[in-house]
Amino acid sequence: MPEYTSESLLVVSAHAGDFVWRAGGAIALATARGERATVVCVSFGERGESAKAWREGKRLDEIKALRRDEAEQAATVLGAQIRFLDAGDYPLLESPELVDQLVHVYRETMPTVVLTHTLVDPYNGDHPAAARMAIQARILAQAVGYDAPGDPLGAPPVFSFEPHQSEMSEFRPDVLLDITEVFESKQKAMRCLGAQPHMWAYYEDLATRRGVQLKRNAGPNLGVQHDTKAEAFVRHYPHVTDRLS
């Protein structure tokens, strides 16, 4: 078993590919630092995000197996552990049972950082559904009296990663994460997702655009390299600090 630091990253992903496109860099950075990273795929994205496989005539069970295999390969590249709730997609229906499963994951992994979807996405209702359950589970996992194994959770920060249609999803990033040093790992992980090859170039280009914005906000004298890549996030809870710097 690998040696981990005390830091623990939890990523709640609606479908089997979302965590790679939107947070693959963040995951790779965390694991490169020796942190534990756990990805929970609430569904496989078998109905709504596997058009190529459906057009090839594959059955539902074959598509689920395909998406599972792709996600496992991508997680391995990023150094993350992965688990699947197989809750179905299009639609992904919120339920107390799914929230409870996520509470158990929180109590087990004790994350110090949580990543999930935005609470608004007019193009894909599965994404906000996963985000709402992830945030509700975080709240419940903090409750001393909640009936789940393990100690009550602290207050890990929660970040929404960037949706596919940023402007339409009211996404205004307030965190830009430099992923330059692990971008090749993210690219390799993206190419594990053969069911959605049309996404590869889009998220490579997005990383470049966010990298330009990162450099602009970092200032001209901080030594940020020219070909910078970045991922964008929105923070849900206040940043607690004793120093504004």
Side-chain angles (χ1 to χ4, degrees), residues 1-42 44-45 67-85 102 104-117 130-131 134 137-138 141 150 153-162 173 175-194 196 199-200 203-204 206-208 210-211 214 224-225 227-236 239:
M1 293 292 291
E3 293 284 335
Y4 294 111
T5 69
S6 60
E7 300 297 306
S8 174
L9 173 66
L10 175 62
V11 184
V12 179
S13 179
H15 310 112
D18 295 331
F19 73 95
V20 182
W21 314 123
R22 299 170 174 96
I27 296 168
L29 280 174
T31 59
R33 292 191 296 262
E35 300 171 16
R36 183 187 302 273
T38 304
V39 175
V40 177
C41 293
V42 185
F44 295 108
R67 297 312 308 270
R68 182 185 188 112
D69 182 61
E70 290 181 352
E72 288 177 338
Q73 290 182 46
T76 298
V77 169
L78 298 174
Q81 301 174 23
I82 191 167
R83 59 187 73 186
F84 304 90
L85 302 187
L102 289 172
H104 281 68
V105 174
Y106 275 98
R107 290 279 184 90
E108 176 190 340
T109 62
M110 297 299 285
T112 51
V113 177
V114 179
L115 307 180
T116 191
H117 296 269
R138 174 194 180 273
L153 189 68
V158 179
F159 298 88
S160 283
F161 40 64
E162 186 160 10
V175 177
L176 294 170
L177 181 68
D178 189 339
I179 63 167
T180 309
E181 67 181 78
V182 296
F183 187 63
E184 288 186 5
S185 294
K186 179 171 181 174
Q187 286 180 302
K188 184 177 178 181
M190 288 195 294
R191 278 160 176 71
C192 292
L193 304 178
Q196 296 175 282
M199 304 281 268
W200 299 347
Y203 280 97
E204 289 173 346
L206 181 59
T208 299
R210 291 305 188 193
L214 183 148
V224 178
Q225 65 185 48
D227 189 24
T228 307
K229 308 296 183 184
E231 289 174 342
F233 300 87
V234 167
R235 186 177 183 123
H236 283 267
H239 176 55

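Asp178 contributes atom CG, which lies 5.5 Å from atom OG1 of Thr228 (distance to the nearest 0.5 angstrom). To the nearest 0.5 Å, atom CG of residue Asp18 and atom CD of residue Gln196 are 7.5 Å apart. Taking CG from Leu153 and CG from Leu10, the interatomic distance works out to 9.5 Å, rounded to the nearest 0.5 Å. Taking CZ of Arg68 as the reference point, atom CD of Glu70 lies at 13.5 Å (rounded to 0.5 Å). To the nearest 0.5 angstrom, Asp227 atom CG is 6.5 Å from Thr208 atom OG1. Rounding to the nearest 0.5 Å gives a distance of 11.0 Å between CG of Asp69 and CZ of Phe44.
Side-chain contact check for Phe19 versus Leu115: every heavy-atom pair is 4.5 Å or farther apart. A 4.5 Å side-chain heavy-atom check between Arg235 and Pro157 finds at least one atom pair inside the cut-off.
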Step by step, work out the ring pair (Phe, Tyr, Trp, His ring centres under 6.0 Å) result for Phe161 and His117. CA-CA 6 Å; Phe161 40 64; His117 296 269; 4.8 Å; yes

CA sep, side-chain torsions, deciding dist, call: Met199, Met190, side chain to side chain contact (heavy atoms under 4.5 Å, CB included): CA-CA 8 Å; Met199 304 281 268; Met190 288 195 294; over 6 Å; no

Trace of the side chain to side chain contact (heavy atoms under 4.5 Å, CB included) decision for Leu29 with Glu35: CA-CA 9 Å; Leu29 280 174; Glu35 300 171 16; over 6 Å; no

Please step through side chain to side chain contact (heavy atoms under 4.5 Å, CB included) for the pair Val182 and Lys186, ending with a clear verdict. CA-CA 7 Å; Val182 296; Lys186 179 171 181 174; 5.9 Å; no

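Considering all non-hydrogen atoms of both residues, Gly24 and Leu78 come closest at O-CD2, 3.4 Å. Of all heavy-atom pairs between Phe183 and Ala207, the closest is CE1-CB, 3.5 Å. Among all heavy-atom pairs drawn from Val39 and Ala80, the shortest one is CG2-CB, 4.1 Å. In plain terms, the two heavy atoms of Ala16 and Cys41 that are nearest each other are CA-SG, 3.8 Å. Taking every heavy atom of both residues into account, Leu193 and Trp200 meet most closely at O-NE1, 3.5 Å. Ala37 and Thr31 make their closest contact through CB-CG2, 3.7 Å (heavy atoms, listed as atom of the first residue, atom of the second, distance).
No side-chain N or O of Gln73 forms a donor-acceptor pair with one of Arg191 less than 3.5 Å apart.
Remark: side-chain polar atoms of Arg107 are paired, donor with acceptor, to backbone N or O of Ala141 under 3.5 angstrom. No donor-acceptor distance shorter than 3.5 angstrom exists from the side chain of Thr116 to the backbone of Ser160, with no hydrogens or angles considered. Not a single donor-acceptor pair under 3.5 Å links the side chain of Glu108 to the backbone N or O of Gly150. The backbone N or O of Pro156 lies less than 3.5 Å from a partner atom in the side chain of Arg138, making a donor-acceptor pair. At distances below 3.5 Å, not a single donor-acceptor pair connects side-chain atoms of Arg83 with backbone N or O atoms of Val40. Side chain of Thr112 to main chain of Ser8: a donor-acceptor pair is present (N/O by atom type, distance under 3.5 Å, no hydrogens or angles). Checking side-chain atoms of Glu231 against main-chain N and O of Ala26 turns up a donor-acceptor pair under 3.5 Å.
By the 30° and 60° cut-offs, the orientation of the rings of Tyr203 relative to Trp21 is parallel.
Separation of the Phe159 and His236 ring centroids does not fall under the 6.0 Å cut-off.
Counting heavy-atom neighbours within 6.0 Å of Glu7 CD, excluding the residue itself, gives a total above 12.
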